[in-house]
Structures are given as C-alpha cells and as structure tokens.
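Encoded as structure tokens, the structure appears first; notes follow it.
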Protein chains: 2
Amino acid sequence: MDAYKKAGVDINAGYKLVDEIKKLSHNDALGAFGGMFPLALGQYKKPVLVSGTDGVGTKLLVAIQAGLHETIGIDLVAMCVNDVLAQGAKPLFFLDYLGIGHLDQTQAKEILTGVVNGVSQAGAKLVGGETAEMPDMYQHGHYDLAGFTVGIADQDKLLKTTDLQAGDVLLGLASNGLHSNGFSLVRDILFKQHHYSLDDRLPGCKLDLKHELLRPTRIYVKSVLPLIDQGLIQSIAHITGGGLIENVGRILPADLNAEFDSTSWKMPAIMKKLQTIGQLSFEDMTNTFNLGLGMVLAVRPADKSQVMAELKKAGETVYQVGKLVTGSKKVVIREDAL
Amino acid sequence: MDAYKKAGVDINAGYKLVDEIKKLSHNDALGAFGGMFPLALGQYKKPVLVSGTDGVGTKLLVAIQAGLHETIGIDLVAMCVNDVLAQGAKPLFFLDYLGIGHLDQTQAKEILTGVVNGVSQAGAKLVGGETAEMPDMYQHGHYDLAGFTVGIADQDKLLKTTDLQAGDVLLGLASNGLHSNGFSLVRDILFKQHHYSLDDRLPGCKLDLKHELLRPTRIYVKSVLPLIDQGLIQSIAHITGGGLIENVGRILPADLNAEFDSTSWKMPAIMKKLQTIGQLSFEDMTNTFNLGLGMVLAVRPADKSQVMAELKKAGETVYQVGKLVTGSKKVVIREDAL
C-alpha cells in the first residue's frame with residue numbers, strides 16, 4: 001500500500017482507529033460492512049423509524065482553532081438525537097462520518113470520544129461510522145463531521161402539530177449556550193469584524209471564549225422521553241439553525257400563534273455580548289440563536305406543573321416561556337427584557 | 001437574517017433547496033425534524049436493522065474539477081446500500097449530508113439529482129438530509145458528501161462468514177470502472193506525477209478522463225437481493241477501500257482462503273493504464289482497486305449456474321472468479337493475466 005500512503009491516504013491508520021473506537025464504545029461489532037441493531041418490538045403496535053442527520057457547522061472551526069476536540073462529538077450526537085426526540089421517538093442507534101484531511105490518531109480519538117460520550121448521554125448505541133481521509137479536500141488539521149441517528153416510536157405516539165390547541169403552555173428548556181448553530185455569524189463578529197482571541201473572556205461570561213463557544217449542546221433525551229411516554233407532551237421544537245422563530249414556527253398548525261413572554265427567561269451573557277459587539281438587530285438574534293432555550297415543549301395547561309416538576313427532577317432548568325393563541329402560524333417574541 | 005447572510009450563510013437558499021428535493025424525490029414529508037419510515041414487519045420473525053454510512057472520497061474533487069455533479073450522488077448511495085446488501089439486508093431508506101462552502105442552487109440540485117437517482121436504483125426511499133453551508137471550511141466550489149442508509153433483514157437470513165465452506169465458488173460482479181475508491185492515488189498519478197487533463201482520453205479507454213473517472217458506482221441491490229431471499233448466497237464482499245484483498249478478506253473465516261483465478265476476468269483498461277503510468281506494484285493494485293469486480297459473492301457449487309443465470313438476466317456481467325479452499329483467511333490473487 002506504499003503508493004496509496006504516499007498519495008496521502010494511510011489505510012492502516014484507519015484500521016487502527018477502528019480498534020480504538022471499538023474500545024471506547026465497548027462495541028466489538030464495529031468495523032463490519034454494516035452496523036447491526038436487533039429490533040425489540042414487543043411494545044410497539046405500529047412501529048415507525050424516525051431518522052435524522054446533521055452536522056455541527058462551523059463550530060468545528062472553533063474546536064480546530066482551539067485544539068479542543070473532545071466535546072464536538074457531543075454536539076454532533078445532540079443535533080441528531082434531539083431532532084428525533086422532537087418527533088416523539090426514542091433514539092436507538094447512531095453512526096458518524098468523519099471527513100478529514102490527514103488522519104491524526106490523537107485528534108480522531110478525541111473527536112470520537114465525544115461521539116461515544118454523546119451516544120451514551122442519549123441512551124443510544126454507536127453501531128458504525130466512517131472515517132474518510134481526504135487530502136486536498138480539507139486543509140491540514142481541518143475536518144467535517146456528520147451524524148446519523150435512527151429512533152423508533154409507535155405511530156400513534158408520534159407528536160403531531162394537529163394535537164396543539166390554543167391555551168397550550170410553552171415550556172423552554174435551558175440551552176447550554178450557543179449549542180451548534182450560528183457559528184459563521186459568531187466567528188464573523190468575534191474574529192473578523194473584531195479581533196478577539198479565543199483566550200479572551202467577555203464581560204459577564206464565566207468562561208474564556210474557547211470554552212464559552214465550545215460548551216457542548218445539551219442532549220434532552222433522558223429527561224424528556226419519559227414525559228413523551230406518559231403522553232404529557234403535545235409537541236416539541238428543537239431550536240437549531242433558524243433560531244427560535246423558525247423552529248417554533250415549524251411545529252405550529254396554520255391557525256395558531258406562539259406567543260413568548262420574553263421576561264420569563266434570560267438570554268445567556270454570550271448572546272447579549274454578541275448582539276452588542278455585532279450590532280445585531282433583534283430579528284437577527286431571534287432568527288439565528290436559541291436565545292437560551294434549546295428545546296421548547298408544548299403541554300396542556302393541566303399537565304404543566306407535573307411536567308415542570310419532572311424536568312427539574314431530571315436536572316433540567318425549565319421556564320414557562322409562553323403560550324399558544326389563535327392566530328396564523330406566527331411566532332411572536334417581543335423585544336422587552338431579553 | 002441580514003447579518004447571518006453577510007457572514008456567508010443563506011438560510012433562505014437552504015429552504016429553497018429543500019423544496020427542490022421534495023419535488024425531485026416525490027417526498028413531501030422531507031424537511032421535518034426527523035425522517036419517518038413506517039416498518040412493515042409481517043415477513044420478519046426477528047428483524048435486525050442494518051445500517052451503513054460512507055462518503056465518496058476524493059472522487060468528489062474530480063466531479064468538482066470537471067463541473068459534473070449529476071452522478072456523484074449515485075456513488076454516494078451505492079457505497080452505502082451495497083454495504084448493507086453485503087450483510088444480506090434490504091436497504092429501506094437513505095439520508096444524505098452535504099457540507100458545502102457556498103450553497104449554489106444549481107450545483108446542489110445536480111448533486112441531489114444523483115442521490116435521488118441512486119436511491120431509486122436501490123429501491124429505497126429518501127427520508128431526510130442536511131445541507132450545511134460552511135464558509136471557511138470548504139474552499140469555494142468544494143463540498144463533501146456523506147450518506148446513511150438503513151436496511152432490514154431477518155436475524156436468521158443475515159449472511160455469516162461461518163456459513164462458508166471449502167469448495168464454495170466465488171462469483172464476481174463486474175464493476176463500472178473505479179467506483180468510489182482509490183481516488184487520492186488516481187489523482188496523484190494523473191494530475192500530480194503527470195499532467196493529464198480531464199479532457200484527455202487514455203489509450204484503450206472509451207471515454208475521456210472526466211467521464212471515465214466519474215462512471216457511477218454500480219448499485220447491486222435489485223439484482224442480488226432476490227438471490228439472498230432465496231437463500232442462494234452464502235456471503236458477499238463489497239469491494240471498496242482496501243481493494244479486492246482487504247474486502248474479500250473480511251468475509252473469510254479463520255480456516256479458509258479465497259483463491260482467485262486472475263485469468264477469469266479482465267481488469268478495466270483505466271486500471272491497467274494507471275498501473276503503467278503510476279508504476280504501481282501488483283500489491284498496490286490489489287490493495288487499492290476493485291480490479292473490475294465491484295462485488296464478490298460466495299455460493300455453493302450446486303447453486304452456481306442458477307445464480308449466474310439470474311444475475312445475467314438481471315443485467316449483471318458475472319464471472320466465476322475463484323473458490324474457497326482450506327487455509328488461513330488469506331486472499332490469493334496471482335499476477336497471471338490481469
């Protein structure tokens with residue numbers, strides 16, 4: 001394989017990495033042509049597989065610049081499994097794709113440590129993956145990550161927008177900062193328009209920029225899934241690219257509006273600073289960032305207290321952030337207090 | 001969303017693309033948080049989900065250089081579904097991840113046309129995907145593609161290496177050229193060591209280099225799956241990265257060798273030329289390229305004629321290329337006639 005190695009692709013390094021991942025994930029079956037997942041279907045009458053794929057966007061470039069790769073895999077898993085959860089499904093398994101210019105074992109192991117950690121947080125199983133060494137595609141040290149998850153739900157238990165009613169309460173689950181969206185804007189503001197260093201700490205922020213920006217996306221599966229199983233959740237919006245406006249808009253039926261009371265929760269300091277430094281309009285903010293809410297749940301007023309109590313018990317910070325009212329599929333956030 | 005767009009990410013272009021893909025794939029449900037696939041389980045006693053993820057490597061850079069994006073999506077689907085088929089499973093659905101520097105609607109539509117075409121060839125369904133615009137990660141005009149597929153098989157019908165016996169016949173299914181592996185080496189030889197143009201035609205090759213190199217990977221699902229269902233196939237090796245040696249080696253049990261008769265099929269002209277021009281050793285060749293065989297099937301001698309006849313009827317070119325003999329998990333290809 002000398003010729004191929006000289007051309008920039010080290011097949012043996014790839015094999016060695018597979019062995020590392022087997023150890024990390026305690027799954028010896030990794031490395032087969034396809035990942036296996038036996039289906040236990042006893043509890044499902046009409047099982048539906050719910051799948052999702054996502055990446056982490058240019059948050060990667062922050063991880064690369066900072067040389068901190070151990071949590072970006074958590075972001076990757078979070079982006080995928082939270083989407084599947086938002087449909088009312090339980091994530092079963094996960095696969096990752098790592099495209100990389102040059103396969104550095106240490107770096108790849110760090111990245112995949114995050115993936116394994118995320119999969120564990122989601123209560124899922126890592127069944128496969130692909131590491132593609134692509135010289136000339138990625139600059140040295142650069143890589144892209146894509147993730148893929150499959151979950152399952154009973155047809156009747158899938159969350160539907162048609163189940164929503166005027167009067168339903170909107171609960172917001174606190175995000176862990178920026179999560180994995182808006183990073184091209186964040187980087188533009190901090191590192192192009194201005195010349196902050198990753199070691200700088202912005203006023204009001206607890207961590208320096210590299211750690212503030214790289215806070216891993218919160219995985220809501222273990223706290224929210226039991227509530228879905230009990231039928232206590234009507235609909236879920238996972239707040240990702242497009243921000244609070246776009247993502248809450250996606251769960252609304254044609255005749256309802258979502259009205260947020262923006263005094264009911266606090267926007268994280270990092271977002272406030274970005275708004276100021278980047279001179280962002282309120283519309284820029286609401287269409288790009290999660291504003292501090294990683295997931296928004298719609299529940300019946302009668303279920304609100306129980307749901308809030310169980311979420312807190314599961315370790316979430318939860319706010320009552322608004323309600324559904326008769327309308328025309330609009331998301332209304334007044335600028336008030338954020 | 002002005003600020004985000006100025007930072008290089010056009011959210012609206014992404015939404016428009018989703019509409020295009022809905023039309024191309026005739027699947028209006030695309031664009032939800034998760035892709036849905038209802039499971040019809042009547043025929044399975046112990047269903048196992050078999051999943052695979054892959055990319056197309058630096059074949060992408062050839063497509064990009066040539067400005068020909070309509071078949072690279074077929075390669076993407078092929079890499080994934082052939083892997084799942086190799087386990088004995090029927091591909092059910094597919095998702096794609098497109099990481100791109102700047103979202104060009106025309107280019108993205110061409111890429112996804114190939115994906116939709118490949119999914120159709122595999123008899124599967126496109127249930128979701130992600131297009132991530134990542135300025136600063138990819139050079140202008142560059143993109144990476146990852147695919148994910150999930151298939152299903154009955155536990156007892158999964159192909160197992162333990163079912164193989166000495167005397168089993170190896171059948172080779174003709175590849176459609178290089179398929180999607182070895183392209184870093186191919187590009188090194190043709191465009192770095194030498195200075196061929198994509199418009200050149202190599203002696204012995206029917207097509208100019210851009211079309212020769214971009215021949216789409218063959219998708220074997222529809223021709224091979226009926227034979228698996230009939231129990232006529234013992235094991236399958238999908239010939240990808242690592243070439244004939246590595247991939248056939250993966251299906252062998254510890255006590256068998258695979259012996260190839262290299263006079264029994266012809267290596268494609270493009271590979272012969274690459275060997276000459278690149279001064280590649282025979283080992284380089286067997287460890288990198290498919291040598292003209294995109295898939296190798298192990299069948300019982302008694303089933304050979306029926307399997308070959310059915311494969312031909314389904315449109316495959318099939319060769320009897322070797323057999324399994326008592327040994328130690330070695331793949332033996334003599335240099336003879338290739």
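Order of the sequence lines fixes the chain letters, A, B, ..., with proteins taken first and strands second; residue numbering starts at 1 for each chain.
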Counting only heavy atoms not in Lys45(B), do more than 12 sit closer than 6.0 Å to its NZ atom? no
Applying a strict 4.5 Å limit to non-hydrogen atoms, the region of Leu280(B) in contact with chain A is side chain
Counting heavy-atom pairs under 4.5 Å with chain B, the top scorer among Val48(A), Leu49(A), Leu60(A), Leu39(A) is Leu49(A)
So, the part of Ala146(A) with a heavy atom under 4.5 Å from chain B: the answer is both
So, the part of Tyr44(B) with a heavy atom under 4.5 Å from chain A: the answer is neither
Answer key: most heavy-atom pairs under 4.5 Å with chain A among Tyr97(B), Phe183(B), Phe148(B), Tyr143(B) is Phe148(B)
Pair count under 4.5 Å, heavy atoms only, with chain A: among Asp144(B), Thr131(B), Ile64(B), highest is Asp144(B)
Heavy-atom count around Lys46(B) NZ within 6.0 Å, excluding the residue itself: above 12?
no
Shortest non-hydrogen pair, Ala122(B) vs Val77(B), comes out as CB-CG1, 4.4 Å
Sorted by chain and residue number, the ring pair (Phe, Tyr, Trp, His ring centres under 6.0 Å) partners of Phe37(B) (sequence neighbours excluded) come out as Phe93(B)
- Are Arg187(A) and Asp136(B) within salt-bridge range, i.e. N to O under 4.0 Å? yes
Smallest heavy-atom separation, Asn247(B) atom then Gly241(B) atom, equals ND2-O, 3.2 Å
Applying a strict 4.5 Å limit to non-hydrogen atoms, the region of Leu85(B) in contact with chain A is neither
Honestly, the part of Asp96(A) sitting under 4.5 Å from a heavy atom of chain B is backbone
Looking only at Val186(A), Asn82(A), Leu95(A), most heavy-atom pairs under 4.5 Å shared with chain B are made by Leu95(A)
Ranked by heavy-atom pairs below 4.5 Å to chain A, first place among Gly99(B), Ala132(B), Gly182(B) goes to Gly182(B)
When the 4.5 angstrom heavy-atom criterion is applied to Gln139(B) and chain A, the contacting part is side chain
For Gln193(B), the side-chain contact (heavy atoms from CB on, under 4.5 Å) test, sequence neighbours excluded, returns Asp188(B), Ile189(B)
Practice problem: Check whether any side-chain heavy atom of Phe191(A) lies under 4.5 Å from a side-chain heavy atom of Leu61(A), and answer yes or no. | Solution: no
Bottom line for Leu145(A): the part with an atom under 4.5 Å from chain B's heavy atoms is backbone
